[in-house]
Amino acid sequence: MKLETSFTFEEMWDRIMACDRNYDGLFYTAVKTTKIYCRPSCRSRKPKKMNVEFYTSIEEAESNGYRACKRCQPETELSPNAEVVQKVVSFVTANYQRKLNLEDMAAHVGFSASYLDRVFKQETGETPRSFLEKVRVDRAAHGLKHTDNTNLEICYEVGFQSTSHFYKAFRRSKNLSPSEYRKMTKGLQDDFENKQQLLEGSYSR
């Protein structure tokens, strides 16, 4: 299956830290120190960020000298329903900025809306609509952390149709308002950069 989406390193890192099975099959985590590749949902001990690289196919990972994880078995085939979920996840992550509804997602995989809703929830524990909202919130969080765009700009950039929905969805997911989240993450980043500068200064003496 040809992937319809691409992810930044940070987005893929966030997904493996969350052991998010919705992304299984869309990319693979390869650990340089062990030469093993895993599914995003793998529950094995998380590697250091500096030791990770990502691949979009098993063939690509194995051609670079990696072997499959024995715990999550990324080389095994997905069930038919899991493949449907994979297609929906790929479609949503490529089109989340558009005005999407359940019927759009169902049409993409050739199912009725009600059948897709049921299958997706059986496989993932959430509905396609709640997954779409999660993707938008995660992209908004990335924008709040890494850009100076206003909350309003980010709201519409990630596909929310109203600010009230954006604020409610963001707080429900992150337990913070967008402004609170930006303040917190910027503060953590500043602390990290200050510590790095102190370390660099101590080494240069």
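Because the structure is predicted, anything quoted here is derived from the model rather than measured. Positions are given from 1 along the sequence.
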Compare all side-chain heavy atoms of Val52 with those of Trp13 and state whether any distance is below 4.5 angstrom.
-> yes
Heavy atoms, side chains only, cut-off 4.5 Å: are Val85 and Gln122 in contact?
-> no
Taking atom OG of Ser177 and atom CZ of Arg182, what is their separation to the nearest 0.5 Å?
-> 11.0 Å
Test of ring centre spacing under 6.0 Å for Tyr23 and Phe7 = yes
Lys/Arg N to Asp/Glu carboxylate O, Lys49 vs Glu10, below 4.0 Å | yes
Which heavy-atom pair separates Gly65 from Lys35 by the least distance, and what is that distance?
-> O-CE, 3.6 Å
Indicate if Tyr115 and Met105 have the same hydrophobic cluster label, given that clusters are the connected sets of ILVMFWY residues with side-chain heavy-atom separations under 4.5 angstrom.
-> yes
side-chain contact (heavy atoms from CB on, under 4.5 Å) partner of Glu123, chosen from Val84, Val88, Asn81 = Asn81
dist Ser179:OG -> Asn151:CG (nearest 0.5 Å) comes out at 4.0 Å
When every non-hydrogen atom of Cys69 is compared with those of Pro74, the smallest separation belongs to O-CD, 3.5 Å
Crowded around Lys121 NZ? As in, over 12 foreign heavy atoms under 6.0 Å?
-> no
Single hit among Glu60, Met12, Arg39 for side-chain contact (heavy atoms from CB on, under 4.5 Å) with Phe27 = Met12
Is Ser173 reaching over with its side chain to a backbone N or O of Ala169, donor-acceptor style, under 3.5 angstrom?
-> no
Between the side chains of Glu126 and Asn22, does any donor sit under 3.5 Å from an acceptor?
-> yes
Which atom of Lys46 lies closest to which atom of Cys19, heavy atoms considered = NZ-SG, 3.3 Å
Using atom types as modelled and distance alone, determine if a side-chain donor or acceptor of Asp14 lies under 3.5 Å from a backbone N or O of Glu11.
-> no
Would you check, one step at a time, whether the test side chain to side chain contact (heavy atoms under 4.5 Å, CB included) holds for Val158 with His142?
-> CA-CA 10 Å; Val158 301; His142 187 267; over 6 Å; no
For the side-chain contact (heavy atoms from CB on, under 4.5 Å) test, which of Asp117, Val109, Val92 pairs with Pro128?
-> Asp117
Passes side chain to side chain contact (heavy atoms under 4.5 Å, CB included), Thr163 versus Tyr156? Steps please.
-> CA-CA 8 Å; Thr163 53; Tyr156 292 117; 4.0 Å; yes
Taken to the nearest 0.5 Å, the spacing of Thr29 OG1 from Ile36 CD1 works out to 12.0 Å
Give a yes or no on whether Val135 and Leu102 share a hydrophobic cluster (residues Ile, Leu, Val, Met, Phe, Trp, Tyr; joining criterion: side-chain heavy atoms under 4.5 Å apart).
-> yes
May I ask whether Tyr167 and Leu176 are part of the same hydrophobic cluster, defined by side-chain heavy atoms of I, L, V, M, F, W, Y residues being less than 4.5 angstrom apart, directly or through others?
-> yes
Cluster overlap Ile16 with Ile58, hydrophobic side-chain contacts below 4.5 Å = no
Mind telling me whether Phe166 and Phe170 have parallel, tilted or perpendicular rings, with 30° and 60° as the class edges?
-> perpendicular
Sub-3.5 Å donor-acceptor pair from the side chain of Glu103 to the main-chain atoms of Ala113, do we have one?
-> no
Going from OG on Ser112 to CZ on Arg118, what distance comes out if it is rounded to the nearest 0.5 angstrom?
-> 7.0 Å
Is there a side-chain contact between Gln86 and Asp24 (heavy atoms, below 4.5 Å)?
-> no
In this structure, OG of Ser90 is separated from NE2 of His108 (nearest 0.5 Å) by 6.5 Å
Would you say Lys168 has more than 12 foreign heavy atoms packed within less than 6.0 Å of its NZ?
-> no
Pick one: which of Arg139, Arg136, Glu133 meets side chain to side chain donor-acceptor pair (under 3.5 Å) with Tyr96?
-> Arg139
Centroid-centroid distance, Tyr66 to Tyr37, less than 6.0 Å | no
Is it the case that one hydrophobic cluster holds both Met17 and Phe54, taking links as side-chain heavy atoms less than 4.5 Å apart, direct or via other members?
-> yes
Tightest non-hydrogen contact, residues Glu75 and Ala68, listed as OE1-CB, 3.2 Å
Flag, side chain of Gln161 to backbone of Gly159, donor-acceptor distance under 3.5 Å | yes
If every non-hydrogen atom of Ile154 is compared with every non-hydrogen atom of Gly143, which pair is closest and at what distance?
-> CD1-C, 3.6 Å
Which pair of heavy atoms, one from Asp104 and one from Leu100, lies closest together, and at what distance?
-> OD2-CA, 3.5 Å
Say whether, by atom type as modelled, one donor and one acceptor occur between the side chain of Lys174 and the main chain of Val137 under 3.5 angstrom.
-> no
Separation between CG (Leu152) and CZ (Phe160), nearest 0.5 Å, reads 13.0 Å
